[in-house]
Amino acid sequence: SLLPSIVGDIFPARHFATVYNLFSLAASSSSLLLSTLLATKVYAAHAHVTTPGAAAECHGSLCYRATHLAILGACAAGTAGALALGVRNRAIYRGKLLDRAAV
(Lines give C-alpha, C1' and ligand atoms only; values in the text may rest on other atoms or scores of the structure.)
Protein backbone atom coordinates (compact mmCIF):
# COMPACT_ATOMS: atom_id res chain seq x y z
CA SER A 1 0.00 0.00 0.00
CA LEU A 2 1.17 3.49 -0.79
CA LEU A 3 -0.84 5.08 2.00
CA PRO A 4 1.99 5.29 4.58
CA SER A 5 4.29 6.93 2.04
CA ILE A 6 1.64 9.40 0.91
CA VAL A 7 0.69 10.31 4.48
CA GLY A 8 4.37 10.73 5.39
CA ASP A 9 4.98 13.05 2.42
CA ILE A 10 1.94 15.27 2.83
CA PHE A 11 1.46 15.54 6.59
CA PRO A 12 3.95 16.28 9.38
CA ALA A 13 5.60 13.29 11.05
CA ARG A 14 4.26 14.19 14.50
CA HIS A 15 0.68 13.65 13.24
CA PHE A 16 1.44 10.51 11.22
CA ALA A 17 -0.43 8.01 13.43
CA THR A 18 -3.56 10.16 13.69
CA VAL A 19 -3.78 10.90 9.98
CA TYR A 20 -2.99 7.31 8.96
CA ASN A 21 -5.70 5.94 11.26
CA LEU A 22 -8.23 8.48 9.98
CA PHE A 23 -7.53 7.31 6.42
CA SER A 24 -8.04 3.71 7.54
CA LEU A 25 -11.30 4.64 9.26
CA ALA A 26 -12.50 6.46 6.14
CA ALA A 27 -11.86 3.42 3.94
CA SER A 28 -13.69 1.00 6.22
CA SER A 29 -16.65 3.31 6.86
CA SER A 30 -17.13 4.08 3.19
CA SER A 31 -17.07 0.36 2.47
CA LEU A 32 -19.74 -0.20 5.11
CA LEU A 33 -21.92 2.66 3.88
CA LEU A 34 -21.69 1.98 0.16
CA SER A 35 -21.59 -1.79 -0.11
CA THR A 36 -23.69 -2.81 2.87
CA LEU A 37 -26.22 -0.16 3.78
CA LEU A 38 -26.78 1.55 0.42
CA ALA A 39 -26.90 -1.68 -1.60
CA THR A 40 -29.36 -3.24 0.85
CA LYS A 41 -31.71 -0.25 0.78
CA VAL A 42 -31.63 0.02 -3.02
CA TYR A 43 -32.34 -3.70 -3.42
CA ALA A 44 -35.20 -3.54 -0.91
CA ALA A 45 -36.71 -0.55 -2.72
CA HIS A 46 -36.73 -2.38 -6.07
CA ALA A 47 -37.61 -5.89 -4.91
CA HIS A 48 -41.15 -7.13 -5.45
CA VAL A 49 -43.04 -10.11 -4.07
CA THR A 50 -44.03 -12.28 -7.02
CA THR A 51 -46.05 -14.91 -5.14
CA PRO A 52 -47.73 -14.57 -1.75
CA GLY A 53 -45.56 -15.88 1.07
CA ALA A 54 -42.36 -15.83 -1.01
CA ALA A 55 -39.38 -13.61 -0.41
CA ALA A 56 -39.10 -10.39 -2.39
CA GLU A 57 -36.97 -10.70 -5.52
CA CYS A 58 -35.43 -8.28 -7.95
CA HIS A 59 -34.17 -9.19 -11.42
CA GLY A 60 -32.28 -7.12 -13.93
CA SER A 61 -29.96 -4.15 -13.85
CA LEU A 62 -32.49 -1.83 -12.22
CA CYS A 63 -31.92 -3.48 -8.85
CA TYR A 64 -28.47 -2.03 -8.33
CA ARG A 65 -28.28 0.82 -10.85
CA ALA A 66 -28.55 3.52 -8.17
CA THR A 67 -25.86 1.76 -6.11
CA HIS A 68 -23.51 1.63 -9.09
CA LEU A 69 -24.12 5.31 -9.85
CA ALA A 70 -23.45 6.28 -6.22
CA ILE A 71 -20.19 4.31 -6.18
CA LEU A 72 -19.25 5.81 -9.56
CA GLY A 73 -19.85 9.28 -8.14
CA ALA A 74 -17.71 8.51 -5.08
CA CYS A 75 -14.90 7.21 -7.32
CA ALA A 76 -15.11 10.30 -9.53
CA ALA A 77 -14.96 12.58 -6.49
CA GLY A 78 -11.94 10.65 -5.17
CA THR A 79 -10.19 10.89 -8.52
CA ALA A 80 -10.86 14.63 -8.72
CA GLY A 81 -9.54 15.06 -5.17
CA ALA A 82 -6.39 13.08 -5.94
CA LEU A 83 -5.76 15.11 -9.10
CA ALA A 84 -6.29 18.38 -7.23
CA LEU A 85 -3.91 17.27 -4.47
CA GLY A 86 -1.32 16.24 -7.06
CA VAL A 87 -1.52 19.60 -8.81
CA ARG A 88 -1.35 21.41 -5.48
CA ASN A 89 1.74 19.50 -4.36
CA ARG A 90 3.50 19.43 -7.74
CA ALA A 91 6.00 22.11 -6.69
CA ILE A 92 6.84 20.25 -3.48
CA TYR A 93 7.53 17.01 -5.33
CA ARG A 94 9.59 18.78 -8.01
CA GLY A 95 11.70 20.38 -5.29
CA LYS A 96 12.28 17.00 -3.61
CA LEU A 97 13.29 15.40 -6.90
CA LEU A 98 15.68 18.24 -7.71
CA ASP A 99 17.21 18.01 -4.22
CA ARG A 100 17.78 14.28 -4.64
CA ALA A 101 19.31 14.74 -8.09
CA ALA A 102 21.77 17.31 -6.76
CA VAL A 103 23.10 14.93 -4.10
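Just the heavy atoms: all of them, side chains too, but no hydrogens, waters or symmetry mates, feed the values below. Remember, it's a predicted structure, so these values are computed and weren't measured experimentally. When a residue number appears, it is its place in the shown sequence, counting from 1.
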* Nearest heavy-atom neighbours spanning Ala74 and Leu34 -> CB-CD1, 4.2 Å
* Relative to each other, are the rings of His68 and Tyr64 parallel, tilted or perpendicular (30° and 60° limits)? -> perpendicular
* Asked: Where is the tightest heavy-atom contact between Cys58 and Ala47, given as atom of each residue plus distance?
  -> CB-CA, 3.9 Å
* **Rounded distance (nearest 0.5 Å) linking atom CG of Asn21 with atom CZ of Phe16** => 9.0 Å
* Verdict with supporting geometry, Ile71 and Thr67, side chain to side chain contact (heavy atoms under 4.5 Å, CB included) -> CA-CA 6 Å; Ile71 292 173; Thr67 303; 4.0 Å; yes
* To do: Determine, using the 4.5 Å side-chain heavy-atom cutoff (strictly less than), whether Tyr20 and Leu85 are members of one ILVMFWY cluster.
  => yes
* Asked: Can any side-chain N or O of Thr79 pair as donor or acceptor with the backbone N or O of Cys75 at less than 3.5 Å?
  -> yes
* **Heavy-atom donor-acceptor pair, Thr36 side chain to Leu33 backbone, under 3.5 Å** => no
* Structure fact -> Value for CG (Leu32) from CG (Leu37), rounded to nearest 0.5 Å, stands at 4.5 Å
* Taking all non-hydrogen atoms of both residues into account, name the closest pair between Ala27 and Ser30 and its distance. => O-OG, 3.0 Å
* Atom NE2 in His46, atom NZ in Lys41: separation rounded to 0.5 Å? -> 14.0 Å
